[in-house]
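Structure first, commentary second.
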Protein chains: 2
Amino acid sequence: MRTQYYTATSLDGFIATEDDVLDWLFPLGDPSTSSYTAFVAEVGALAMGSTTYEWILRHGEQAEAKTGSPWPYAQPTWVFTRRVLPTPAGADVRLASGDVRPVHAAMHEAAGGKNLWIVGGGDLAGQFHDAGLLDELIVQVGSVTLGRGKPLFPRRVLHPLLRLVSVQRMGSGMVELRYEVERMPAGAVRCR
Amino acid sequence: MRTQYYTATSLDGFIATEDDVLDWLFPLGDPSTSSYTAFVAEVGALAMGSTTYEWILRHGEQAEAKTGSPWPYAQPTWVFTRRVLPTPAGADVRLASGDVRPVHAAMHEAAGGKNLWIVGGGDLAGQFHDAGLLDELIVQVGSVTLGRGKPLFPRRVLHPLLRLVSVQRMGSGMVELRYEVERMPAGAVRCR
């Protein structure tokens with residue numbers, strides 16, 4: 001069971017424009033060469049922020065055409081928000097707020113040994129990292145720059161390090177980089 | 001002859017911290033597997049901003065130990081600045097300001113058919129791109145995030161596209177991504 005931040009980003013580190021537009025992303029990836037199908041098959045629970053959640057609801061046509069529901073995930077999903085948000089019929093969506101640690105424990109409990117996917121945004125993934133709960137960053141770097149927008153991961157992560165474990169080029173529009181977060185043993189002294 | 005922006009960046013798109021510290025960078029790359037030696041051998045002229053220039057002068061000990069001069073480049077170098085800056089003895093450094101296009105023409109003239117290296121920062125590289133003069137981005141992505149700092153390339157580049165042409169992993173600390181800037185033919189209509 002691993003806790004994974006799996007996301008796409010521009011080369012300059014933005015996961016969306018400042019007004020949460022993702023149109024720039026879709027021409028870049030070829031779904032047939034993407035890791036998504038294999039990735040999501042191993043996911044047992046999801047967490048996301050409300051911006052991500054509301055984006056998915058607004059863009060649910062494709063999921064709706066297939067399943068009748070605009071909600072694309074069968075797995076239980078925790079949505080971090082301080083508001084009361086609508087949930088689609090048939091979707092296992094649970095609203096949460098505050099400390100990510102009890103939510104992580106509940107996700108773990110629900111996931112049946114499968115992985116936990118932190119969908120985004122970047123600050124939510126950062127909160128899981130702050131709590132020492134993030135195991136991997138899996139980042140599809142699109143061949144664009146945005147110049148400004150929503151940050152990939154608004155944290156300074158130098159110690160413990162990220163470790164690049166795989167690189168998968170997907171044509172000329174995208175490359176997937178997988179990083180493991182090196183964990184400090186409990187009580188370890190940080191040397192440098 | 002190609003005009004190349006060759007630089008290192010954090011995964012989240014920063015080439016330096018907000019106070020121009022690069023210490024995070026040096027543990028990441030293994031010089032023996034770096035593309036730098038082969039790259040710089042094909043460079044005929046350089047351009048950089050004053051922040052980059054002054055950083056190089058402040059950190060010239062290694063060059064100085066080898067050559068007696070803190071300046072590491074044999075090639076003619078244009079430094080963009082509105083100030084009068086000191087130049088090291090024996091260094092072919094030319095101060096410039098304003099429009100990048102006449103400087104690019106002078107670099108081209110001086111480079112003897114070799115490539116032109118835009119060293120940084122990101123905005124200077126962006127100015128060459130704005131003028132339609134940038135051919136390649138060659139980016140070493142280090143396995144760290146900085147969260148904030150000096151941006152890699154503060155431009156929105158969606159059309160014309162960047163085209164990922166090569167991916168070279170350098171251990172677990174770095175991966176080099178090479179992009180070609182797709183040029184629009186003169187007078188072309190931008191579709192979409």
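These values consider heavy atoms only, across backbone and side chains, with no hydrogens, waters or symmetry-generated copies. Note on naming: letters A, B, ... go to the chains in the order of the sequence lines (proteins, then strands), and numbering restarts at 1 for each one.
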Chain B heavy atoms under 4.5 Å from [X]: which part of the residue, side chain, backbone, both or neither?
X	value
A:Leu11	both
A:Leu162	both
A:Phe153	both

Can you say whether the rings of B:Trp55 and B:His59 are parallel (under 30°), tilted (30 to 60°) or perpendicular (over 60°)?
->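 It falls in the parallel class, under 30°.
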Parallel, tilted or perpendicular: rings of A:Tyr6 and A:Tyr36 (30°, 60°) |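 Answer is tilted, since the angle falls between 30° and 60°.
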Rounded to the nearest 0.5 Å, what separation is found between the NZ atom of B:Lys114 and the CD atom of B:Gln75?
->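 Reported to 0.5 Å precision, the distance equals 7.0 Å.
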Top of B:Arg169, B:Arg156, B:Arg163 for chain A proximity - count of heavy-atom pairs under 4.5 angstrom =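 Heavy-atom pairs under 4.5 Å are most numerous for B:Arg156.
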For A:Phe14, does its backbone N or O pair with a side-chain atom of A:Thr9 as donor and acceptor, under 3.5 Å?
-> yes
Exam field: side chain A:Thr7 to backbone A:Val139, donor-acceptor pair closer than 3.5 Å | no
Chain A contact via B:Leu177 - which portion, at a heavy-atom distance below 4.5 Å |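 For B:Leu177, the side chain is the part near chain A, not the backbone.
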Could you check B:Trp78, B:Phe128, B:Tyr73 and say which one makes a ring pair (Phe, Tyr, Trp, His ring centres under 6.0 Å) with B:Trp117?
->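 Answer to the ring pair (Phe, Tyr, Trp, His ring centres under 6.0 Å) test with B:Trp117 among B:Trp78, B:Phe128, B:Tyr73: B:Tyr73.
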So which residues of residues 143-150 of chain A are in contact with chain B at a heavy-atom cut-off of under 4.5 Å?
->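 Contacts with chain B: A:Ser143, A:Val144, A:Thr145, A:Leu146, A:Gly147, A:Arg148.
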Would you confirm whether the ring centroid of B:Trp71 sits within less than 6.0 angstrom of the ring centroid of B:Tyr53?
->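 So the answer is yes for these two rings.
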Is there a chain of hydrophobic side chains (I, L, V, M, F, W, Y, each step under 4.5 Å between heavy atoms) that links B:Tyr179 to B:Leu158?
-> no
For A:Glu109, does the CD atom sit with more than 12 other heavy atoms under 6.0 Å from it, leaving out its own atoms?
-> no
Count the heavy-atom pairs under 4.5 Å between each of A:Gly126, A:Ser172, A:Pro154 and chain B, then report the option with the highest count.
-> A:Ser172
